[in-house]
Amino acid sequence: MMEYKVNDYKEAKDWLKNTDAILITASNGLSIADGYHIFADNGSFRRYFGKFRQKYGLDSLIRGVFTPMTAADHEEYMQTVHQYLIDDYHGSEVMKNLLSIVRDPQKYYEVTAHVSERAVSE
C-alpha cells in the first residue's frame with residue numbers, strides 16, 4: 001500500500017508530470033474561485049442583471065433562471081447570462097494557473113458545474 005505524505009508538493013508535481021491524463025472534478029466553487037458567484041447579489045450581478053433585479057426582485061443569477069417571467073424577459077435574461085458567463089469572460093488568474101498545471105503533454109478532462117467554455121481549456 002502506498003503511503004501518502006501531507007504537503008509533499010514535489011511528489012504531487014511528479015505525479016502530474018508523469019501521468020497519462022488528469023481528471024478535474026469540481027462544482028460551483030470553481031466558478032466562485034474564478035470570480036463568478038451565481039448565488040450572490042454582488043456588483044457583477046447588479047451590473048448585468050440590475051434591470052431584472054429591480055423588476056422581479058432577484059437576488060442572484062441562479063434564482064433568475066427559475067423565476068417566472070414573461071417569455072421575452074426570460075429570453076433576454078438568458079442572453080444576459082450567456083453574455084456574463086461566456087461572451088464577456090476574459091480569463092482569471094485562477095484558471096490560468098490551473099491550466100498551467102494540467103497543460104501538455106497530459107490530456108485533461110473536466111467534470112464540473114463550471115461553465116465549460118470558461119474552464120481550463122483555451
Side-chain angles (χ1 to χ4, degrees):
M1 183 168 167
M2 184 179 231
E3 185 177 320
Y4 295 98
K5 300 171 193 162
V6 176
N7 296 327
D8 190 345
Y9 299 110
K10 182 185 179 318
E11 187 172 6
K13 183 179 178 181
D14 289 342
W15 287 346
L16 291 172
K17 181 180 177 185
N18 296 314
T19 190
D20 294 328
I22 297 171
L23 175 63
I24 300 167
T25 60
S27 188
N28 305 80
L30 190 57
S31 290
I32 293 168
D34 196 20
Y36 290 84
H37 197 323
I38 64 172
F39 302 106
D41 184 0
N42 58 17
S44 294
F45 174 75
R46 290 177 185 209
R47 266 191 310 283
Y48 280 86
F49 303 98
K51 166 184 168 179
F52 301 99
R53 182 179 185 272
Q54 184 173 9
K55 185 172 183 178
Y56 293 101
L58 304 180
D59 60 2
S60 70
L61 183 154
I62 196 70
R63 192 174 309 268
V65 171
F66 299 105
T67 295
M69 57 180 76
T70 67
D73 279 356
H74 188 262
E75 182 176 340
E76 182 182 352
Y77 187 85
M78 295 310 294
Q79 288 172 349
T80 306
V81 168
H82 191 278
Q83 179 182 355
Y84 172 63
L85 294 176
I86 308 295
D87 298 337
D88 292 353
Y89 180 71
H90 300 293
S92 72
E93 286 303 309
V94 170
M95 291 300 112
K96 289 174 186 174
N97 290 337
L98 183 56
L99 180 59
S100 74
I101 293 169
V102 300
R103 178 173 272 156
D104 292 329
Q106 296 94 349
K107 293 180 182 176
Y108 56 89
Y109 306 92
E110 180 183 356
V111 179
T112 179
H114 190 69
V115 177
S116 60
E117 285 82 359
R118 286 194 358 241
V120 294
S121 57
E122 292 184 304

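Remember, it's a predicted structure, so these values are computed and weren't measured experimentally. Both backbone and side-chain heavy atoms feed into the values below; hydrogens, waters and symmetry mates do not.
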Just verifying a value: how many Å separate E76 CD and Q83 CD, rounded to the nearest 0.5 Å?
10.0 Å
NZ (K96) and CG (L98) are apart, to the nearest 0.5 Å, by 13.5 Å
Shortest non-hydrogen pair, L61 vs Y84, comes out as CD1-CD2, 3.5 Å
Is any side-chain heavy atom of D59 less than 4.5 Å from a side-chain heavy atom of F49?
no
Compare every heavy atom of V65 with every heavy atom of H74, then report the nearest pair and how far apart it is.
NE2-O, 3.6 Å
Using a 4.5 Å cut-off on heavy atoms from C-beta on, say whether the side chain of T70 contacts that of E75.
no
Roughly how far, to the nearest 0.5 Å, is the CG atom of D73 from the OG1 atom of T67?
11.5 Å
So which heavy atom on V94 is nearest to which on A33, and how close?
CG2-O, 3.2 Å
Mind listing the closest non-hydrogen atom pair of S60 and I38 along with its distance?
CB-O, 3.5 Å
Can you confirm if the aromatic rings of Y36 and Y89 lie within a centre distance of less than 6.0 Å?
yes
How close do F45 and A40 get, counting heavy atoms only, and between which atoms?
CB-O, 3.5 Å
Minimum heavy-atom distance T80-Y48, with the two atoms named:
CG2-O, 3.3 Å
